[in-house]
Amino acid sequence: MKLSAADWRRRLGSPWWRGGAAFLAGALPMLSFPAPSLWWFAYVALVPWILLARSAPTARRAAYDGWLGGFGFILAVHHWLLPSLHVFTLVIAALLGALWAPWGWLTRRFLAGVPSAGQIAAALFVLPSAWLMVELVRSWEGLGGPWGLLGSSQWDVEPALRLASVGGVWLLSFLLVAVNVAVAVLVAVRQSRVPAVAGLVATAAATSAAWGWSPRPDVDGRVRIAVVQPGVIDGALSPEKRFAREETLTRQLAGQDVDLVVWGESSVGFDLADRPDLADRIAALSREVDADILVNVDARRSDRPGIYKSSVLVGPEGPTGDRYDKMRLVPFGEYVPARALLGWATSVGKAAGEDRMRGSEQVVMNVGGGLRIGPMVCFESAFPDMSRHLARGGAELLLAQSATSTFQQSWAPEQHASLAALRAAETGRPMVHATLTGVSAVYGPSGERVGSWLGTDASAAAVYDVPLAHGVTPYARFGQWPVYAALLILAALGVTEVARSSRLRRAGPSPLVPPARTAHGSPARPGR
């Protein structure tokens, strides 16, 4: 049955219909991310959500539309967590969705009815700024980290990656929201189409100028990096079986003139200090392939209490002493926040039974041959500040060791692998994303793909010729300046709103006008 515009307006008058529409509108941007990876859809994906919020009958209803849309967004982008956290995924999504309530309110504040040219111009700055504040808050590790930032949908778009070198993923998110705002006005408000088109043209001109001005990395060398991906290995004695498979695959690299071999996260399930036999076997592999091997140890340490996830470099003589302990842990996956309060999550899903321990600082390692590498573990590759810190610390090659085997049949492996492209483009340093079970990927210093991905069905060792580059990108130099600019824009809005309220208070209420007398009566005696 085809519904008319009047039917839709009537249905959206119902809180339940409107809430469902807001939830679905918020979920739409999911299609921009891998695996669908419809990157172009990100430029219009927010339009239904914006149109719904601007048409809200009250400011409170617009805030609800923002909240329910945020609920849909978080749940859609993280839907692959449902098999692990079950109902707790819904609780987290509902709580994080509330971050978009102010964004919904601001959308109605600037775009309701027939907005003026000034309101549209303000919306093109204020609404992207408010969106960035949401992304900044939820990027805190304890709230799940910066997974699913809108700008990360552009990971495979060369012009967008150039812009990422200027302002990081934050600049991409800002520009995407601005384009969505302009398109929403263009679609919905005929009288405001001229300023909407002007906003699109101005955005295109500014981004083109930034694209043309941004410096390109200077490629001045190459290294051969091997990634060892053993594939899914389950059942009893899986750590031993995985280690044996990694040995077999690594031996295939002998004579291929590699500079470094990288194993995935949790590739070694035993502390090497407690298992010198395993350390000796890895050292023998290093001698055989004539390259250092970066493994990842997921085990209880012998020299201090607790379980750590650690990148450990092993050379021909054994562990070199270079070690990085993972600093940012996955909430619920590697620790339970406020376990005394939220420990029940372990009974309804696959939350960590014991909290992992944290490292204290990032490490730049020296590999044989003079190569300096910056390791990260698992979802640390989602944090732009970590890769930036490593690049500024002298790392020539960024590495992320990961394991997404828990989410093997979902979109998570592709989403995770795509993040390394942005980290490479932001810093001007190539990045290797090595996993146990796929997807493993390598990117050059401009974020371009190097070689082919190792998919979730692969058990293989692959060698990549990786270009090295030097120089400092604007993002590496100045950091998340778009976030600071957004804060200034919102602060200016706050000052303007306070000044406006003060003027209204000083003006006072409008004077009461006495009833008008007529020829047929008076206020005292109507009708006489």
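Side chain to side chain, His416 and Ser402 meet the donor-acceptor criterion of an N or O pair below 3.5 Å. Remark: the Asn296 side chain and the Ser267 side chain contain no N/O donor-acceptor pair separated by less than 3.5 Å. For the residue pair Thr427 / Arg388, no side-chain donor-acceptor distance below 3.5 Å is found, with atom types taken as modelled. For the residue pair Gln401 / Tyr324, no side-chain donor-acceptor distance below 3.5 Å is found, with atom types taken as modelled. For the residue pair Ser55 / Arg18, a side-chain donor-acceptor distance below 3.5 Å is found, with atom types taken as modelled. If you check the side chains of Ser311 and Arg323, you find no donor sitting under 3.5 Å from an acceptor. Counting only N and O atoms by type, the side chains of Trp147 and Gln415 include a donor and acceptor under 3.5 Å apart.
With respect to the salt-bridge test (charged N to carboxylate O, under 4.0 angstrom), the residues Arg358 and Glu141 qualify. Electrostatic pairing of Glu380 and Arg423 does not count as a salt bridge here, judged by no charged N lying under 4.0 Å from a carboxylate O. Arg108 and Asp65 are not joined by a salt bridge, as no carboxylate oxygen comes within less than 4.0 angstrom of a charged side-chain nitrogen. Ion pair Lys309/Glu265 flagged as a salt bridge, since at least one NZ, NE, NH1 or NH2 atom sits closer than 4.0 Å to an Asp/Glu carboxylate oxygen. Between Asp298 and Arg356 there is a salt bridge, since at least one side-chain N of the basic residue sits less than 4.0 Å from a carboxylate O of the acidic one. The existence of a salt bridge linking Asp271 and Arg304 is excluded, since no basic side-chain nitrogen approaches an acidic carboxylate oxygen closer than 4.0 Å. Salt-bridge formation is not detected for the pair Arg300/Asp274: no Lys NZ or Arg NE/NH1/NH2 atom is positioned less than 4.0 Å from an Asp or Glu carboxylate oxygen.
Gln154 places a side-chain N or O within donor-acceptor distance of the main-chain N or O of Trp39, the cut-off being under 3.5 Å. Formation of a donor-acceptor pair under 3.5 Å by the Ser152 side chain with backbone atoms of Gly148 is not found in this model. In this structure, Thr58 contributes its side chain and Arg61 its backbone to a donor-acceptor pair below 3.5 Å. Counting only distance, with no hydrogens or angles, the side chain of Ser440 and the backbone of Ala434 share no donor-acceptor pair below 3.5 Å. Side-chain atoms of Arg392 come within 3.5 Å of backbone atoms of Ala476 as a donor-acceptor pair (strictly under, hydrogens ignored).
Using a 4.5 Å heavy-atom threshold, the side chains of Phe110 and Pro115 count as separate.
The two residues Val179 and Tyr43 come nearest to each other via the heavy atoms CG1-O, 3.7 Å. Taking all atoms of both residues into account, the shortest heavy-atom contact from Leu176 to Leu150 is CD1-O, 3.6 Å. Taking all atoms of both residues into account, the shortest heavy-atom contact from Pro413 to Val439 is CB-N, 3.7 Å. A pairwise comparison of heavy atoms in Ala62 and Ala53 identifies CB-O, 3.8 Å as the closest pair. Considering every non-hydrogen atom in both Ala425 and Ser446, the closest pair reads CB-O, 3.7 Å. Summarising the geometry of Gly374 relative to Ala395, their closest heavy-atom pair is N-CB, 3.8 Å, with the distance given to 0.1 Å.
Ring centers of Trp67 and Trp100: at least 6.0 Å apart, outside the cut-off.
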Between Trp131 and Trp170, is a ring-ring contact (aromatic ring centres under 6.0 Å, His included) present by the stated rule, with each step listed? CA-CA 10 Å; Trp131 185 280; Trp170 312 105; over 10 Å; no
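For NE2 of His389, the number of neighbouring non-hydrogen atoms (other residues, nucleotides, ligands) closer than 6.0 Å is 12 at most. Other residues, nucleotides and ligands contribute only 12 or fewer heavy atoms inside 6.0 Å of the OH atom of Tyr64. Within 6.0 Å of CZ on Phe125 lie no more than 12 heavy atoms contributed by other residues, nucleotides or ligands.
Note that CG of Leu272 is 10.5 Å distant from CZ of Phe270, once rounded to the nearest 0.5 Å. Summarising the geometry, atom CD1 belonging to Ile233 is positioned 6.5 Å from atom OG belonging to Ser459; distances are rounded to the nearest 0.5 Å. To the nearest 0.5 Å, atom CG of residue Leu172 and atom CG of residue Leu175 are 7.0 Å apart.
In this structure, Arg449 forms a cation-pi arrangement with Trp453, its terminal cationic atom sitting closer than 6.0 Å to the ring centre and no more than 45° off the ring axis.
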